[in-house]
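Values in this document were obtained by computation on a predicted structure and should not be read as measured data. Residue numbers begin at 1 in each chain, while the letters A, B, ... track the order of the sequences.
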Protein chains: 2
Amino acid sequence: MRKTQTAATRRPEILENFYQVIIAEGIEGASIGKIAKRMNIHPSLIIHYFKNKKNMTAALADFLIEKYEAPEFLRFDHIEDMEKRFHALMDTIFSFEWSRTIDPGVHFCFYYLSFRNPDIRNRYEHIIRRFRDYLIEEFEGYRQKGIVKMSNTRMAADLIVTLMEGLEFHSHFLSEDQPFEHFADKARELAVKMLTADGITA
Amino acid sequence: MRKTQTAATRRPEILENFYQVIIAEGIEGASIGKIAKRMNIHPSLIIHYFKNKKNMTAALADFLIEKYEAPEFLRFDHIEDMEKRFHALMDTIFSFEWSRTIDPGVHFCFYYLSFRNPDIRNRYEHIIRRFRDYLIEEFEGYRQKGIVKMSNTRMAADLIVTLMEGLEFHSHFLSEDQPFEHFADKARELAVKMLTADGITA
DNA sequence: TGGCATAAATTGAACATTCAGTTAATTTAA
DNA sequence: TTAAATTAACTGAATGTTCAATTTATGCCA
């Protein structure tokens with residue numbers, strides 16, 4: 001009855017379960033034993049694949065990065081009209097679906113961990129920087145077409161990332177009865193205005 | 001040799017040490033035993049004062065709120081020139097000192113905890129909402145003087161809080177070699193422009 | 001002023017549980 | 001046959017919490 005799997009399938013399976021346990025009980029509640037019980041396997045098997053918990057946590061970070069950088073989002077090459085493409089990008093960045101690419105509880109769990117764990121810190125920093133650099137590149141393109149007016153595209157990208165992350169925080173504490181989209185739309189409007197208006201930066 | 005203290009001094013003393021241990025080792029490393037060792041007292045004494053760890057964590061949240069709401073910041077009543085008062089407020093909100101009222105690691109620790117702990121969640125939500133409401137009130141005053149132009153002051157306050165929290169995130173991951181102030185200044189400039197420009201919201 | 005009662009502060013030792021991790025044995029698949 | 005996958009049986013340390021014992025401070029009454 002017992003099915004034997006290979007490392008290629010077992011490792012991601014363990015990570016997926018690790019991820020789910022963190023969602024339910026936080027990193028402090030995510031023990032190797034609990035993950036094993038959830039999967040009906042022996043705890044030692046997890047150690048066998050990851051050697052220790054720190055390794056496994058770093059591996060989970062990589063696992064999440066793959067999820068985050070999945071190709072389905074942020075692909076706008078097919079949109080030829082640059083104006084439309086710009087707005088499609090902005091719509092995505094401030095959309096609910098995009099904000100839930102990774103469970104927000106886990107997202108901030110790793111953010112929190114990054115304060116004391118250099119492995120996590122580096123990985124997290126890397127992914128955010130990649131996203132920022134992607135934005136810079138896009139904005140540069142829009143600027144050449146006269147859609148984006150802000151000259152300092154790096155500053156522009158920094159501001160968008162800042163707004164995007166702050167939005168997560170805001171929706172957690174200040175959204176009250178209103179849905180995510182209500183404030184997200186306003187944030188997007190502001191972002192667009194900022195990028196497209198003349199002389200927004202001195 | 002041993003000095004006996006009273007609850008009024010012992011409780012905050014324990015919380016301060018709890019706070020420090022979290023800064024150094026995170027919430028998952030902050031055990032009652034470690035706090036006790038740090039203070040050269042017996043672990044039971046901590047239980048005696050807080051009954052259990054969950055209580056103590058909630059008490060720490062209150063303790064930090066007191067720190068955060070300390071009166072020295074955000075007091076601008078003495079500035080009569082409303083224009084100057086407005087800028088003093090904005091300077092404070094985007095200042096390094098203000099952002100370090102509470103250690104950022106602990107700030108996000110409690111943010112992280114709020115996802116699964118309703119006690120923390122309520123307390124945290126309360127303090128952020130208080131701050132937002134304070135901003136609304138201030139902005140309303142500036143609007144009557146014609147300094148702030150944005151008509152939806154609540155939306156304005158929401159945006160400032162969002163920007164402020166996102167800034168923390170940004171400075172953690174994207175600041176690179178540049179100091180906190182560099183990007184904070186830009187964020188503040190943007191915020192001021194947003195609040196004072198005509199027709200920024202449709 | 002001095003002793004005594006009383007409550008609070010503090011320690012001590014033990015607890016059941018959970019934790020990550022080790023080592024060796026066994027089963028499965030190629 | 002050989003290596004990988006999986007389990008079994010442990011370990012030792014750390015955890016939060018308990019209950020009882022002991023020390024310290026304080027107010028009251030003689």
Side-chain angles (χ1 to χ4, degrees), chain A residues 1-61 63 109-110 112-113 116-117 119-120, chain B residues 1-61 63 109-110 112-113 116-117 119-120:
Chain A
M1 211 57 203
R2 180 173 76 242
K3 19 181 174 171
T4 301
Q5 292 184 249
T6 176
T9 63
R10 206 46 132 176
R11 277 179 60 102
E13 192 194 349
I14 292 173
L15 292 177
E16 179 64 36
N17 279 273
F18 187 17
Y19 177 58
Q20 294 298 334
V21 174
I22 290 178
I23 290 178
E25 311 192 41
I27 187 80
E28 67 274 20
S31 67
I32 291 175
K34 277 184 197 162
I35 300 165
K37 184 168 280 180
R38 195 175 195 278
M39 300 175 69
N40 286 318
I41 60 169
H42 202 276
S44 301
L45 190 57
I46 294 176
I47 296 289
H48 170 248
Y49 278 116
F50 294 99
K51 207 183 131 190
N52 59 48
K53 199 181 182 182
K54 212 181 173 189
N55 266 335
M56 184 169 62
T57 309
L60 179 57
F63 181 73
C109 173
F110 276 80
Y112 162 67
L113 289 179
R116 250 156 277 99
N117 184 331
D119 285 341
I120 305 289
Chain B
M1 208 61 199
R2 180 173 74 242
K3 15 179 177 167
T4 301
Q5 291 184 249
T6 177
T9 64
R10 204 45 131 177
R11 278 179 60 102
E13 193 195 347
I14 292 172
L15 291 178
E16 178 63 36
N17 279 273
F18 187 17
Y19 177 57
Q20 294 298 333
V21 174
I22 291 178
I23 291 179
E25 310 192 41
I27 187 77
E28 67 274 19
S31 68
I32 292 176
K34 277 184 197 160
I35 300 165
K37 185 168 279 180
R38 196 176 194 276
M39 299 175 68
N40 287 318
I41 61 169
H42 203 275
S44 304
L45 190 57
I46 293 176
I47 296 289
H48 170 250
Y49 279 116
F50 294 99
K51 205 183 132 191
N52 57 48
K53 198 182 180 182
K54 212 180 173 190
N55 266 336
M56 184 169 64
T57 310
L60 179 57
F63 181 72
C109 174
F110 276 81
Y112 162 68
L113 289 179
R116 250 154 276 98
N117 184 330
D119 285 341
I120 305 288

Polar-atom pairs under 3.5 Å, protein N or O versus N or O of nucleotides 18-22 of chain C: list them with distances, or write none.
unit_1: dC19(C); atom_1: OP1; unit_2: S31(A); atom_2: OG; d: 3.0
unit_1: dA20(C); atom_1: OP1; unit_2: I32(A); atom_2: N; d: 3.4
unit_1: dA20(C); atom_1: OP1; unit_2: K53(A); atom_2: NZ; d: 2.7
unit_1: dA20(C); atom_1: OP2; unit_2: I32(A); atom_2: N; d: 3.0
unit_1: dG21(C); atom_1: OP2; unit_2: K53(A); atom_2: N; d: 2.8
unit_1: dT22(C); atom_1: O4; unit_2: S44(A); atom_2: OG; d: 3.2

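- An angle of 10°, rounded to 10°, separates the two end axes of the helix from dT1(C)-dA30(D) to dA30(C)-dT1(D), each defined over five pairs.
- Y49(B) has a side-chain polar atom (N or O) that falls below the 4.0 Å cut-off from OP1 or OP2 of dT10(C).
- Distance NE2 (H48(A)) to C1' (dT23(C)): 13 Å, rounded to an integer number of Å.
- A search for salt bridge (Lys or Arg N to Asp or Glu O under 4.0 Å) contacts involving E16(B) returns K67(B), not counting sequence neighbours.
- For the pair I46(A) CD1 and dA5(D) C1', the computed distance is 14 Å after rounding to whole Å.
- Under the salt bridge (Lys or Arg N to Asp or Glu O under 4.0 Å) criterion, K34(A) pairs with E25(A), not counting sequence neighbours.
- Judged as a side chain to side chain contact (heavy atoms under 4.5 Å, CB included), and not counting sequence neighbours, the contacts of L45(B) are R10(B), I41(B), H48(B), Y49(B).
- Counting only residues at least two apart or on different chains, no salt bridge (Lys or Arg N to Asp or Glu O under 4.0 Å) pair has a member in residues 44-56 of chain B.
- Going from atom CE of M56(B) over to atom C1' of dT15(D) covers 12 Å, rounded to whole Å.
- The stretch residues 11-19 of chain A does not touch DNA chain C, since none of its heavy atoms comes less than 4.0 Å from the strand.
- For R10(A) and dT6(D), the shortest distance from a side-chain N or O to OP1 or OP2 is below 4.0 Å.
- With sequence neighbours excluded, the residues forming a side chain to side chain donor-acceptor pair (under 3.5 Å) with S44(A) are H42(A), listed by chain and number.
- Applying the side chain to side chain donor-acceptor pair (under 3.5 Å) test to T9(B) and every residue at least two apart in sequence or in another chain returns Q5(B).
- Sorted by first then second residue, the salt bridge (Lys or Arg N to Asp or Glu O under 4.0 Å) pairs that include residues 36-48 of chain A, not counting sequence neighbours, number zero.
- Atoms CG (N40(A)) and C1' (dT6(D)) sit 14 Å apart, rounded to a whole Å.
- Straight-line distance from the CD atom of Q5(B) to the C1' atom of dT10(C): 11 Å, rounded to whole Å.
- Across I22(B) and A30(B), no two heavy atoms sit closer than the pair CG1-CB, 3.9 Å.
- Under the side chain to side chain donor-acceptor pair (under 3.5 Å) criterion, N117(B) pairs with no residue, sequence neighbours left out.
- Listed by chain and number, the residues in a ring pair (Phe, Tyr, Trp, His ring centres under 6.0 Å) with Y112(A) are Y112(B) (sequence neighbours excluded).
- To the nearest 0.5 angstrom, M56(B) atom CE is 7.5 Å from I14(B) atom CD1.
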